[in-house]
2 protein chains.
Amino acid sequence: MTAKKIWTLKSIAKELGVSNATVSNAFNRPDQLSKKRREEILASCRKLGYSGPNKAAQSLRKGQFNIAALVLPDSVEYMITDPVASSFVKGVSSVLEKNKVNLLLFSGVSDSIDSVADFVDGFICYGSPRNSALIEQLKLTDKKVVTADFDIDRKASVGIDNQQAAYEIAKLAIKTKDDDVAILGLRIIDSQLTSRVYDLPELDLHASISHQRLQGYRRAIAELGVNFREDRLWNIPESNHHYALIAAKEALSSSPRPNVLLCMSDTIALAALKEINAMGLKIPQDIRVVGFDGIEEATRSTPPLTTIHQHSEVKGNKAAELFISRATDTITIPYYIESGKSC
Amino acid sequence: MTAKKIWTLKSIAKELGVSNATVSNAFNRPDQLSKKRREEILASCRKLGYSGPNKAAQSLRKGQFNIAALVLPDSVEYMITDPVASSFVKGVSSVLEKNKVNLLLFSGVSDSIDSVADFVDGFICYGSPRNSALIEQLKLTDKKVVTADFDIDRKASVGIDNQQAAYEIAKLAIKTKDDDVAILGLRIIDSQLTSRVYDLPELDLHASISHQRLQGYRRAIAELGVNFREDRLWNIPESNHHYALIAAKEALSSSPRPNVLLCMSDTIALAALKEINAMGLKIPQDIRVVGFDGIEEATRSTPPLTTIHQHSEVKGNKAAELFISRATDTITIPYYIESGKSC
DNA sequence: CTGTTAGCGCATTCAC
DNA sequence: GTGAATGCGCTAACAG
């Protein structure tokens with residue numbers, strides 16, 4: 001058994017008795033040599049087992065890598081099981097795949113984008129990364145940057161009108177001014193704990209989608225003349241069943257029991273539904289619940305969830321298209337209300 | 001506003017009045033120079049905005065990239081929303097992140113691994129890629145290869161004993177020899193259609209986890225003396241709700257109606273549950289259903305699903321550990337039966 | 001259409 | 001500790 005020969009552009013050129021420029025052109029610039037010559041060379045290369053110019057060297061030379069880093073809000077492991085994030089990734093990947101750009105998953109808790117900045121063409125940033133230092137770095141980098149569900153000055157971005165959507169769904173959920181409303185919020189404050197929020201900090205967080213949604217809820221509450229008790233706002237650190245269930249139990253066992261639950265994600269709302277069902281309460285007679293996102297599981301729950309459907313996959317598509325086209329537009333994506341049976 | 005200076009090792013060395021070897025050593029080989037000198041240099045670099053040697057050039061030089069390609073069974077967009085695959089990715093990413101290795105998502109329908117082979121350290125392959133040409137290429141590559149849920153000769157791999165697991169859950173689901181069993185199979189044949197399977201091809205597919213599970217079911221069926229009708233096997237091309245529902249409807253409307261459904265994934269089983277509930281049948285009195293995988297949603301269904309819990313995330317951990325350690329072991333991961341209420 | 005050459009940015013070796 | 005030299009594998013410009 002002989003060791004497999006590892007060819008390089010230079011060695012294969014010598015083997016074929018042509019100049020290395022010719023081999024390079026055969027692979028990269030068809031117009032630079034006759035069709036016949038090119039076919040011959042490519043055929044010989046294939047026969048010898050040379051699959052083309054080394055991609056790493058090519059990238060170093062050209063400064064183009066065909067890799068997009070997808071910056072997730074949190075560590076990869078926390079995000080990948082979130083159906084909303086998954087849909088977004090799906091949308092991104094489908095467009096990137098078509099354009100032969102590879103997808104690198106990048107954690108939002110990384111120290112610095114420097115660890116990858118030298119070998120990616122740019123960043124697609126889904127939500128505000130937990131490590132806010134990354135945001136500053138993204139502002140400064142010369143690489144392409146596209147953001148989704150948040151903004152960086154003068155960079156391309158996609159998103160929905162969170163405030164308006166939250167407003168609309170709240171108007172649907174709240175029926176009278178005597179309703180007792182509780183809000184199960186997502187990443188309202190920078191805390192890893194599930195807890196009530198008594199004081200909202202006046203941070204940059206104002207730009208976050210959670211705060212926009214909160215403003216939307218508040219607008220509806222004010223407009224309907226409901227008396228919203230400020231101790232009726234919960235913070236849930238991650239959109240997962242575990243944390244959501246804790247908050248839901250706390251809210252549902254508070255007294256008097258709220259009869260309207262505004263949830264900032266479907267995952268949260270589904271946890272609430274489960275708890276409400278377990279308590280033997282009737283939805284929507286005893287208590288009304290609305291979600292946000294429009295994940296698939298929400299159409300299969302009992303009862304099906306009334307929620308904002310926000311086309312996460314399309315959002316991903318658009319983000320990737322902006323990335324590919326190097327445009328710097330701000331795209332607002334439409335949403336619709338998924339009318340379930342939960343309110 | 002002045003353009004930001006882009007430093008290179010060489011230019012920064014000149015600026016600092018030291019040799020470029022010294023700068024390189026300051027970043028990469030602390031033992032090669034005094035601590036004091038090193039700190040000085042690093043501090044100056046930080047001040048000037050040089051964040052260290054260019055990663056792309058470093059990689060080309062060293063032949064090490066700190067990127068692992070995760071080869072998915074199908075296109076990225078099809079897989080990312082599958083909760084089982086997501087858990088696996090989660091497990092992989094958590095270990096890679098700790099080792100500062102980046103994760104590149106690679107489609108199982110790509111033409112060739114050549115498009116990335118030159119700039120990754122190797123491949124973690126989750127399930128058999130739809131494009132089987134990739135398997136041949138993976139056999140030949142000099143890069144690291146770890147497989148999960150299938151085998152490539154003499155490469156590292158992780159998985160569970162699918163046959164035994166399927167056998168055990170089938171034994172649980174089938175109560176008497178007069179039971180009428182239907183199997184909702186996953187990727188049993190190479191077809192994009194949801195349909196009955198009348199003839200099983202004798203392909204390499206024998207090595208696939210689906211065929212191992214099928215053998216496990218068959219062993220239980222034979223042992224219990226059940227008369228299994230060969231037209232009671234369905235193929236579902238992807239583990240998603242849509243396809244699964246089609247198969248479930250077909251199976252449940254066949255006559256006589258089966259009273260035991262062996263499902264090769266939880267997603268399939270959940271679709272079946274939904275249909276059964278919609279038909280007004282009682283589980284497990286009228287019909288018993290078992291799944292496979294142990295996804296979280298299966299614990300929240302009505303009724304909770306009886307299934308094989310297979311620690312997908314741990315599987316991902318192990319795969320990544322094999323990758324990092326360059327070991328070539330075959331690891332078999334334990335599973336357990338999640339006793340729900342569906343059988 | 002072909003061959004030569006100078007880098008892309010770096011790591012490593014070797015003599016000093 | 002230094003500085004020069006070589007090469008990782010390739011592309012693009014240029015002269016022929």
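Scope of the values below: all heavy atoms of this structure, side chains included, with no hydrogens, waters or symmetry mates. First the proteins, then the strands, lettered A, B, ... as listed; each starts at 1.
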>> With rounding to the nearest 0.5 angstrom, report the CD1 to CH2 distance, A:Ile12 to A:Trp7.
In response: 4.5 Å

>> Closest approach to the side chain of A:Val18, judged atom by atom: which nucleotide of D:dT2, C:dG3, D:dC10 is it?
In response: C:dG3

> Quick one: A:Leu60 CG to C:dC8 P, roughly how many Å, whole number?
Replying inline: 10 Å

>> Would you say A:Ser19 places a side-chain N or O within less than 4.0 Å of OP1 or OP2 belonging to C:dG3?
In response: yes

>> Heavy atoms from C-beta onward define the side chain here; which of C:dT2, C:dT12, D:dA12 lies closest to that of B:Ser24?
In response: C:dT12

> Given atom CD of A:Gln58 and atom C1' of C:dG7, what is their separation to the nearest angstrom?
Replying inline: 16 Å

>> Without decimals, in angstroms, what is the distance between B:Leu9 CG and C:dG7 P?
In response: 18 Å

>> What verdict does the salt bridge (charged side-chain N to carboxylate O under 4.0 Å, His left out) test give for A:Glu238 and A:Arg130, after you've listed the backbone C-alpha separation in whole Å, the side-chain angles of each residue and the deciding distance to 0.1 Å?
In response: CA-CA 11 Å; A:Glu238 300 288 337; A:Arg130 179 173 292 285; 3.0 Å; yes

>> What residues from residues 28-46 of chain B pass a heavy-atom cutoff of under 4.0 Å to DNA chain D?
In response: B:Leu33, B:Ser34, B:Arg37

>> I'd like to know if A:Lys139 and A:Glu136 make a salt bridge, using a cut-off of under 4.0 Å between side-chain N and carboxylate O.
In response: yes

>> Any donor-acceptor pair under 3.5 Å linking the side-chain atoms of B:Asn99 with those of B:Glu97?
In response: no

> D:dT6 C1' sits how many Å from B:Asn20 CG, rounded?
Replying inline: 13 Å

> Which listed nucleotide (D:dC8, C:dG3, D:dT2) is nearest to the side chain of B:Arg61?
Replying inline: D:dC8

> Taking the six-membered ring where the residue is Trp, are the ring centres of A:Phe106 and A:Tyr126 under 6.0 Å apart?
Replying inline: no

> Taking CG from B:Asn25 and P from D:dG3, how many angstroms apart are they, rounded to a whole number?
Replying inline: 13 Å

> How many Å lie between NZ on B:Lys62 and C1' on C:dT12, as a whole number?
Replying inline: 11 Å

> Between A:Lys55 (NZ) and D:dC8 (P), how many Å, whole number?
Replying inline: 19 Å

> Say you draw a straight line from CD1 of A:Ile41 to CZ of A:Arg46; how long is it, rounded to the nearest 0.5 Å?
Replying inline: 12.0 Å

>> What is the separation between atom NZ on B:Lys14 and atom C1' on C:dC10, rounded to the nearest whole Å?
In response: 16 Å

>> Taking the minimum atom-to-atom distance to the side chain of A:Asn54, which one of D:dC10, C:dA11, D:dT2 wins?
In response: D:dC10

>> Using OP1 and OP2 only, check whether a side-chain N or O of A:Tyr50 sits under 4.0 Å from D:dG9.
In response: no

>> Working to the nearest 0.5 angstrom, can you tell me the gap between B:Lys62 NZ and B:Lys55 NZ?
In response: 10.0 Å

> So which one's nearest nucleotide on DNA chain D is more toward 5', B:Gly17 or A:Ala57?
Replying inline: B:Gly17

